[in-house]
Q: 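Got a structure for you, written out below as structure tokens; questions coming shortly.
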Amino acid sequence: MGFAYLSFPSFLSAMFLVLCAVSILPQITHAKHARVTRHYKFNIKLQNVTRLCQTKSIVTVNGQFPGPRVIAREGDRLVIKVVNHVQYNVSIHWHGIRQLKSGWADGPAYITQCPIQTGQSYVYNFTVIGQRGTLWWHAHISWLRATLYGPIVILPKRHVPYPFPQPHKEVPITLGEWWKADTEAVINQATQTGSAPNTSDAHTINGLPGLPGLLYNCSAKDTFKLKVKPGKTYLLRLINAALNDEMFFSIANHTLTVVEADAVYVKPFRTNIVLITPGQTTNVLLKTKPKAPNATFVIAARPFATGPATFDNTTTTGMLEYKTISSLTNTKSNSKLPLLRPVLPKFNDTVFAANFNTRIRSLANAKFPAKLPKTVDKHFFFTVGLGLSTCSKNQSCQGPNNTKVAAAINNVSFVMPNIALLQSHFFNKSKGVYTTDFPTNPPFKFNYTGTAPSNIIVTSGTKVLVLPYNTSVEVVLQDTSIIGAESHPLHLHGFNFFIVGQGVGNFDPKKDPSKFNLVDPAERNTASVPSGGWVAIRFIADNPGVWFMHCHLEVHTSWGLKMAWIVQDGKQHNQKLPPPPFDLPKC
């Protein structure tokens, strides 16, 4: 009758398979979103590299410059073993990673860890929670990040699309600076003499300075080339890894669509020019022309500079080349095409900078809400800028009355401790390491962006601010005109913050808050305090630990424009920082 009878053993085998399938199904379903642990090994080693006709030994990861790309998905765990084979102390910061309950892995030397000494190693172990997009890693001690840096690419969870058209290809583009001299010698000499450090000799795109003869001599093989197909969309992951320069970026005759800033999706907007400060990342879509044009297009980046000091005013260049049948068969065909160059703003175009920054807005929709605090528990007002510091009697400094240039927040120039702040805080051994009396307001009021006061000597100390867990915080960061007004890209570790307002001149506490954007403000980890202006940020202190906040212009950080927040543990078990890992480096 068409029935098949199973013997008893066969029946048991069939039932076993069915039960196995049923038990495996939930695991398969779960596996689609399962956390993956990704292992990397960073060998810190010296490598000879030639740029601008000159070979020098630089500090690298695994001999690569720029360093290797770290790739993960949202929710993944990263285990990165860093082994130090060079003569310098080293630490690595995973810039923009929230480090929720993993503050021991944040990386700034003497803030969350003692540095990794020569011949020693440390495993950075952290999970990427609620983040996706472009971030980056870099050394966080002295000026080693001049060559120790690389991209972090966090992909969305599997089967989760981008909130913009799926690109044909994704390309990291990292902007940097290059010194012919040893950068450690550059900053050490400046520190000893109290003078400004020498500026870089070139800017770079993915470690390469640019077109030979156009802007730099002797760089024939040192040009980044982006080869594209007609009618395709490319996602460019822009990173500014320069030490001291904010940068304009543009591609000749092409429009870019900004879709993400600091690994947070934004309302898309079109622009010919992107402004990106040191520390920031920006994802842009590049839609190529429908048919391959008879031209090669210059990719260019050059500084946006507002301060009184000299700066490296060179332009780094790359080439955007269209792939055609003729170019594939004839490698010389592109060299005969006309070279079109973009027009970049003037180096001090503060109007462009202000307009560009105000265009960056959070998506603020149901899927990607802007979770900014609408009410504020604690208000802070910080002046950020330059000043003078008195040198010791046995030091001969170049400033008036044996002074040197310093930088400060609320007139406090931060002094790095000899023991990591996080260890001192966690084990309640703060005495002699830091004090908790960082000023919540400037020590005295003056016309911050007008005539400077007669006394511009800063104080110094290792001072921090303490926040109870889950405090909602508003900080107004006010530039000063002492020595000279200048924009300052401020980076906060351990948090994203919302830029609720910005303006020119002195912040007005009575009028300006009424103009704050509490609907769709930009969510970032690095914000530029406008030259001669102010920016207001808000965040929730929901991450226990010690968190560095500093200017991402390395020269200003070296001069003391930095401070730290201590966020206390919450009451619940999941609101407390776990103990340090066993291999935490010792000072």
Side-chain angles (χ1 to χ4, degrees), residues 36-49 56-73 76-99 102-128 131 134-155 172 174 176-178 182-184 204 206-207 237 239-243 263 279 281 420 422 491 493 548 554 580-587:
V36 173
T37 299
R38 299 174 187 265
H39 293 266
Y40 288 86
K41 188 173 183 182
F42 279 20
N43 284 303
I44 311 298
K45 56 182 287 191
L46 296 176
Q47 183 72 34
N48 285 339
V49 173
K56 73 169 185 174
S57 182
I58 64 170
V59 182
T60 69
V61 167
N62 302 340
Q64 296 174 237
F65 174 68
R69 197 181 315 176
V70 172
I71 300 176
R73 286 194 183 274
D76 284 354
R77 178 179 167 221
L78 284 164
V79 178
I80 305 173
K81 184 175 184 179
V82 177
V83 185
N84 185 7
H85 301 283
V86 300
Q87 69 269 37
Y88 307 108
N89 287 345
V90 168
S91 72
I92 303 292
H93 171 51
W94 317 95
H95 185 113
I97 297 287
R98 283 289 318 270
Q99 297 293 4
S102 56
W104 304 105
D106 190 43
Y110 302 107
I111 304 297
T112 61
Q113 65 167 93
C114 298
I116 306 165
Q117 298 178 30
T118 304
Q120 301 297 310
S121 66
Y122 180 47
V123 176
Y124 292 91
N125 186 340
F126 56 91
T127 300
V128 180
Q131 293 181 280
T134 304
L135 294 170
W136 63 300
W137 58 264
H138 60 81
H140 212 303
I141 183 169
S142 191
W143 276 28
L144 290 181
R145 77 172 181 87
T147 57
L148 269 182
Y149 62 83
I152 300 175
V153 175
I154 307 168
L155 300 170
T174 306
E177 288 182 85
W178 181 264
D182 174 11
T183 48
E184 290 303 284
T204 58
N206 287 352
R237 298 178 176 271
I239 300 165
N240 188 348
L243 259 68
T281 60
L422 184 56
H491 172 51
H493 291 228
F548 209 18
E554 211 62 43
F582 74 94
D583 63 338
L584 187 73
K586 294 178 173 59
C587 287

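Since the structure is predicted, the reported quantities are computational estimates derived from the model, not experimental observations.
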Q: Kindly compute the distance separating CZ (R145) from OG1 (T183), expressed to the nearest 0.5 Å.
A: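 Reported to 0.5 Å precision, the distance equals 10.5 Å.
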Q: Treating D76 as the side-chain partner and R38 as the backbone partner, does any N or O pair qualify as donor plus acceptor under 3.5 Å?
A: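 It does not hold such a pair.
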Q: Taking atom types as modelled, find out whether Y124 and Q99 have a side-chain donor-acceptor pair closer than 3.5 angstrom.
A: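 Q99 and Y124 do not have a side-chain donor-acceptor pair below 3.5 Å.
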Q: Could you tell me whether the side chain of H95 and the main chain of G279 form a donor-acceptor pair under 3.5 Å?
A: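 Yes, the answer is positive, given that a donor and an acceptor are paired below the 3.5 Å cut-off.
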Q: Take F126 and I97, measure what side-chain contact (heavy atoms from CB on, under 4.5 Å) needs, and give me the verdict at the end.
A: CA-CA 9 Å; F126 56 91; I97 297 287; 3.9 Å; yes
Q: With a 3.5 Å distance limit and no angle check, can you tell me whether R73 reaches the backbone of I154 through a side-chain donor-acceptor pair?
A: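 No; judged by distance alone, with no hydrogens or angles, the pair does not exist.
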Q: What class does the angle between the rings of W178 and F65 fall in, given that below 30° is parallel, 30 to 60° is tilted and above 60° is perpendicular?
A: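 Aromatic pair W178/F65 classed tilted.
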Q: With no hydrogens and no angle check, is any side-chain donor or acceptor of T134 less than 3.5 Å from a backbone partner on T281?
A: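 Judged by distance alone, no pair lies under 3.5 Å.
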Q: Should N89 and I116 be marked as a side-chain contact (heavy atoms from CB on, under 4.5 Å) after you check the CA-CA gap, both sets of side-chain angles, and the distance that decides it?
A: CA-CA 6 Å; N89 287 345; I116 306 165; over 6 Å; no
Q: Mind running side-chain contact (heavy atoms from CB on, under 4.5 Å) on V79 and T37 for me, showing each step along the way?
A: CA-CA 7 Å; V79 178; T37 299; 3.8 Å; yes
Q: Kindly write out the residues that satisfy salt bridge (Lys or Arg N to Asp or Glu O under 4.0 Å) with R98, not counting sequence neighbours, or none if the list is empty.
A: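 Scan of R98 (salt bridge (Lys or Arg N to Asp or Glu O under 4.0 Å), adjacent residues dropped) gives D542.
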Q: Distance-only, no hydrogens or angles: does the S91 side chain make a donor-acceptor pair with backbone N or O of P115 under 3.5 Å?
A: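 The answer is no, because no donor-acceptor pair under 3.5 Å joins these two groups.
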Q: For N43 and K45, indicate whether the former's side chain and the latter's backbone hold a donor-acceptor pair under 3.5 Å.
A: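 No; zero donor-acceptor contacts below 3.5 Å.
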Q: Looking only at side-chain N and O atoms, does S142 offer a donor or acceptor that is under 3.5 Å from a partner on E184?
A: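 Per modelled atom types, E184 and S142 side chains form a pair under 3.5 Å.
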Q: Which class fits the ring pair H93 and H140: parallel under 30°, tilted 30 to 60°, perpendicular over 60°?
A: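 Plane angle over 60°, so perpendicular.
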Q: In Å and rounded to the nearest 0.5 Å, what is the CD1 to CG distance from I239 to L135?
A: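 It comes to 8.5 Å.
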Q: Classify the ring geometry of Y40 against F42: parallel below 30°, tilted from 30° to 60°, perpendicular beyond 60°.
A: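 Perpendicular.
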Q: Run I44 and L148 through side-chain contact (heavy atoms from CB on, under 4.5 Å) and show every step you take.
A: CA-CA 9 Å; I44 311 298; L148 269 182; 4.2 Å; yes
Q: Counting only N and O atoms by type, is there a donor-acceptor contact under 3.5 Å from the side chain of Q117 to the main-chain atoms of K586?
A: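 Yes, because the side chain of Q117 sits within donor-acceptor range (under 3.5 Å) of the backbone of K586.
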Q: Has R69 got a side-chain atom pairing as donor or acceptor with G150's backbone, closer than 3.5 angstrom?
A: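 No, R69 side chain to G150 backbone: no donor-acceptor pair under 3.5 Å.
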Q: Can a donor-acceptor pair be found, under 3.5 Å and without considering hydrogens, that links the side chain of Q47 to the backbone of I58?
A: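 Checking the backbone N and O of I58 against the side chain of Q47, no donor-acceptor pair under 3.5 Å is found.
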Q: Check whether any side-chain N or O of W137 sits under 3.5 Å from a backbone N or O of G67 as a donor-acceptor pair, and report yes or no.
A: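 Not confirmed, W137 side chain does not pair with G67 backbone.
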Q: How many angstroms lie between CG in N125 and CD1 in I80, if you round to the nearest 0.5 Å?
A: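 Reported value, rounded in 0.5 Å steps: 9.5 Å.
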